[in-house]
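Shown next, in structure tokens, is the structure this report addresses.
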Amino acid sequence: MNAEKVLSWLMMIVGCGLMVAFLFMLLPPQQMASMHEWLGLGELPDAPITFYLARSTSMLYGIHGALMFICGRNVKKHADLMPVFGWLHFVIGVVMIGIDVTSGMPWWWTTFEGAPIAATGLVVVWLSKKAFGDPS
């Protein structure tokens with residue numbers, strides 16, 4: 001399988017994974033609170049800003065996933081966006097590690113959030129360069 005095909009599949013798979021966030025945008029507050037406790041994160045604050053942030057963040061993750069999926073369906077057409085997605089994911093991953101650490105998130109959350117996002121970004125950049133050459 002060539003780099004273009006792998007890049008296409010990676011973009012679509014990551015996009016689908018991110019679009020799952022649309023479902024969480026619709027969760028009732030009680031279910032959000034239950035999941036929060038089940039994850040060992042304690043009691044979820046019952047405040048309008050909590051649910052606003054949870055829902056709007058889920059919506060933005062879902063939109064980002066939809067864009068990745070759409071671009072992944074035709075990576076050649078969107079070749080100029082592939083390194084952009086890759087570098088943005090790398091930066092997002094690194095920033096998420098910092099946010100997780102300074103927010104006091106559990107080690108497992110930090111490990112399985114920021115690092116995989118950053119690594120995926122670097123893989124997208126590498127595959128993009130391999131499939132389409134250096135954009136500069």
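- Counting only distance, with no hydrogens or angles, the side chain of His78 and the backbone of Gly72 share no donor-acceptor pair below 3.5 Å.
- Transitive grouping of hydrophobic side chains (ILVMFWY, heavy atoms separated by less than 4.5 Å) keeps Val20 and Trp109 in distinct clusters.
- Rounding to the nearest 0.5 angstrom, the gap separating the CG atom in Asp80 from the NZ atom in Lys76 is 14.0 Å.
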Report task. Give the C-alpha distance, both sets of side-chain angles, the deciding distance and a yes or no for side chain to side chain contact (heavy atoms under 4.5 Å, CB included) between Met25 and Tyr61. Result -> CA-CA 10 Å; Met25 185 177 72; Tyr61 268 93; over 6 Å; no

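- Residues Ala79 and Ser128 share a closest heavy-atom pair of O-OG, 4.2 Å.
- Between the side chain of Thr50 and the backbone N or O of Pro45, at least one donor-acceptor pair lies under 3.5 Å.
- For Ser103 (side chain) and Asp100 (main-chain N/O), no donor-acceptor pair under 3.5 Å exists by modelled atom type.
- None of Met12, Met19, His89 except one satisfies the side-chain contact (heavy atoms from CB on, under 4.5 Å) rule with Met68; the exception is His89.
- In plain terms, the two heavy atoms of Met82 and Cys71 that are nearest each other are CE-CB, 3.7 Å.
- Atom CG of Leu26 is separated from atom CE of Met59 by 11.5 Å, given to the nearest 0.5 angstrom.
- In terms of heavy-atom proximity, Met96 sits nearest to Gly114 at CB-CA, 4.2 Å.
- With rounding to the nearest 0.5 angstrom, the CD1 atom of Ile97 is 12.5 Å from the CD1 atom of Ile92.
- The line from CG of Leu44 to CD of Gln31 is 12.5 Å long, rounded to the nearest 0.5 Å.
- Only one option out of Leu122, Asn2, Val75, Val6 pairs with Leu127 in a side-chain contact (heavy atoms from CB on, under 4.5 Å); it is Val6.
- Phe85 and Val123 fall within a single hydrophobic cluster, where Ile, Leu, Val, Met, Phe, Trp and Tyr are joined by side-chain heavy atoms under 4.5 Å apart, directly or via other members.
- Looking at Ser8, its side chain never comes within 3.5 Å of a backbone N or O of Glu4 through a donor-acceptor pair.
- By the rule that hydrophobic residues join a cluster once side-chain heavy atoms approach within less than 4.5 Å of another member, Leu41 and Trp107 end up as members of one cluster.
- Grouping the Ile, Leu, Val, Met, Phe, Trp and Tyr side chains by contacts below 4.5 angstrom, directly or via other members, places Ile13 apart from Leu88.
- The 12-atom threshold is exceeded at CZ of Phe51, counting heavy atoms of other residues, nucleotides or ligands nearer than 6.0 Å.
- Trp126 is connected to Trp9 through a chain of hydrophobic side-chain contacts under 4.5 Å among Ile, Leu, Val, Met, Phe, Trp and Tyr, so both are in one cluster.
- With rounding to the nearest 0.5 Å, the separation of CG in Leu7 from NZ in Lys129 is 14.5 Å.
- The neighbour count for Trp108 CH2, taken as heavy atoms of other residues, nucleotides or ligands under 6.0 Å away, is above 12.
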Query raised in the report: Stepwise, does the side chain to side chain contact (heavy atoms under 4.5 Å, CB included) test hold for Ile63 with Phe22?
Result: CA-CA 8 Å; Ile63 290 169; Phe22 281 134; 4.2 Å; yes

Requested in this report: Begin from the C-alpha positions of His36 and Glu43 and carry the test side chain to side chain contact (heavy atoms under 4.5 Å, CB included) through to its verdict.
Outcome: CA-CA 7 Å; His36 194 267; Glu43 189 175 330; 6.0 Å; no

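- What you find for Met32 and Ala54 is that their closest heavy atoms are SD-CB, 4.0 Å.
- If you take CD1 on Ile117 and CZ on Phe90, they are separated by 12.5 Å, rounding to the nearest 0.5 Å.
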